Amino acid sequence: MDSPRYFDYASTTPVDPVVLESMMPYFSEVFGNAGSGQHYFGWQAHDAVEQARKQIATYFNAHSSQVLFTSGATESNNLAIIGFLAKLTPAHVITSSIEHKAVLEVFKHLETLGWEVTYLKPTAQGEISLDIVREAILPGQTKLISLMWVNNELGTINPIHPIADLCVKHGIVFHTDATQAIGKLAIHQGSLPDLISFSGHKIYSPKGIGGLIIKKGIQLHAQLLGGGQERNMRSGTLAVQQIVALGTSFLRLPVYLAQMDRLKIFQKSIEHRLTTHFLGKLQLNGNTLNRVPHIINITLMDVDWENMFRVMPKIAISNGSACNARKQLASHVLMALGHREANALSTLRISLSHLTTEADINFLEEYLIEKIGLMYSA
Ligand SMILES: *Cc1c(COP(=O)(O)O)cnc(C)c1O
């Protein structure tokens, strides 16, 4: 069998060759510990880390000191939320019911510590509106709001800039998980949140590196104790080669972004072909007018989902977030949109990349028409 074609870039991406090349010297030639301030080897590593920090800071119009390196978005989310609230008397916090598990589980943990958590319900299209956020704020009581920029299953975009303004007005710290927004949309058209999480392996860096942008003046309570790296907020020897890679990925973002118009055409084409071919049987999830171009989410209404992925071995697609895939749990995001469990399970998430070609899309469309056709005739 030809190797399967990959349409699961929202789960992870391959390392960009330019990124790989940039990190190579830091495995063996420049191998110093960035914390070794006494000698040349340490200085070299330190300089490489600081250059990457600057590359990332520039993207966010931030100062280098605001960039903190972590192992990925999961750790960034944990550190941002728990690290900020750690020293406060439990009060009220707000998130949504369609966050990634790396945020949802943190809020569940906060509940056990005595925090009152409001889980905002999305619209039927999977958005968190400014009004619903405003109504949930308890003046004086609400200490933090965490809302994802782009939903990883639906691709829908939340109104992060106006919510950031609202939080400033109320003196509430605002965190966003921007993992699926970086490199997919321009994030600079308004105020930014106080805390921004992102991950390397969703933007063509290796797995195991991520970051957090921290507004000046905010000190996070460390979750890892040790040598006091990263301004005492995240101990551990810096992963120099991963950090260099992440810096290069940020330099490369315009290259990826320039392909988004092409992906939008692919997105439209796939949806149009499938929905017209299977008239009345498929449901598109998310807001098709307000989303990133690389994610498509389609429910096959009333099919037997048990064999769904087994009949499609030549393509790699998912039915939601990768973390759920092995357990075959119904997606909490689709359930929050009001889907029945069976329909949530018979849902396909297709995610694209600047690497996706027209030939890939032609293959995907024909293949899905054939395989979905089999499922409906079974
Ligand atoms: C992939 C993803 C994460 C997890 O990132 P890791 O770097 O793998 O920990 C968190 N949030 C969103 C929205 C994601 O898509």
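Here the structure is a predicted model, which means the values were calculated and not measured. Every number for a ligand or one of its atoms is a count from 1 in the order of the listing.
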Engineer: Among residues two or more places apart or on two chains, list those pairs meeting ring pair (Phe, Tyr, Trp, His ring centres under 6.0 Å) that have a residue in residues 209-240.
Structural biologist: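 Passing the test, one end in residues 209-240: no pairs.
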Engineer: Quick check: does Thr74 get an N/O under 3.5 Å from an N/O on ligand 1?
Structural biologist: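 Yes.
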Engineer: Are any of the N/O atoms on Asp177, whether in the backbone or the side chain, positioned under 3.5 angstrom from an N/O atom of ligand 1?
Structural biologist: yes
Engineer: What protein heavy atom lies closest to atom 5 (O) of ligand 1? Include the residue and the distance to one decimal.
Structural biologist: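 Checking every protein heavy atom, the shortest distance to atom 5 (O) of ligand 1 gives Ala73 CB, 3.3 Å.
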Engineer: Report the residues that fulfil salt bridge (Lys or Arg N to Asp or Glu O under 4.0 Å) with Glu127, sequence neighbours left out, ordered by chain and then residue number.
Structural biologist: none
Engineer: How far is atom 8 (O) of ligand 1 from its nearest protein heavy atom, and which residue and atom is that?
Structural biologist: His201 NE2, 2.8 Å
Engineer: Counting heavy atoms only, which of Lys207, His100, Met148 comes nearest to atom 3 (C) of ligand 1?
Structural biologist: His100
Engineer: Which of the atoms in ligand 1, numbered in the order shown and given with their element, are less than 4.0 Å from a heavy-atom of Gln180?
Structural biologist: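 In order of numbering, the contacting atoms are 15 (O).
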Engineer: Answer yes or no: are there more than 12 heavy-atom neighbours, outside Tyr40 itself, under 6.0 Å from its atom OH?
Structural biologist: no
Engineer: As a quick check of understanding, evaluate salt bridge (charged side-chain N to carboxylate O under 4.0 Å, His left out) for Asp261 and Lys264, giving each step before the final call.
Structural biologist: CA-CA 5 Å; Asp261 286 343; Lys264 201 169 258 178; 5.1 Å; no
Engineer: Do ligand 1 and Asn152 have nitrogen or oxygen atoms that lie under 3.5 Å from each other?
Structural biologist: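 Looking only at distances, the answer is no, because the N/O contact criterion of under 3.5 Å is not met.
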Engineer: Is there a polar contact between ligand 1 and Asn77, counting only N or O atoms under 3.5 Å apart?
Structural biologist: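 Asn77 vs ligand 1: no N/O contact under 3.5 Å.
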Engineer: Salt bridge check: are Glu111 and Lys108 linked by an N-O gap of less than 4.0 Å?
Structural biologist: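 No, no charged N to carboxylate O under 4.0 Å.
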Engineer: Using the six-membered ring of Tyr376, assess whether NZ or CZ of Lys281 lies under 6.0 Å from its centre and within 45 degrees of the ring axis.
Structural biologist: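 Cation-pi check for Lys281 and Tyr376: passes.
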Engineer: To which protein heavy atom is atom 14 (C) of ligand 1 closest, and what is the distance rounded to 0.1 Å?
Structural biologist: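 Looking at atom 14 (C) of ligand 1, the protein heavy atom closest to it is Lys202 NZ, 3.0 Å.
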Engineer: Checking a contact table here: which protein heavy atom is nearest atom 7 (O) of ligand 1, and how many Å away?
Structural biologist: Ser199 OG, 2.6 Å
Engineer: Scan side-chain atoms only and decide if Asn77 and Ser197 contain a donor-acceptor pair under the 3.5 Å cut-off.
Structural biologist: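 Indeed, the side chains of Asn77 and Ser197 share at least one donor-acceptor pair under 3.5 Å.
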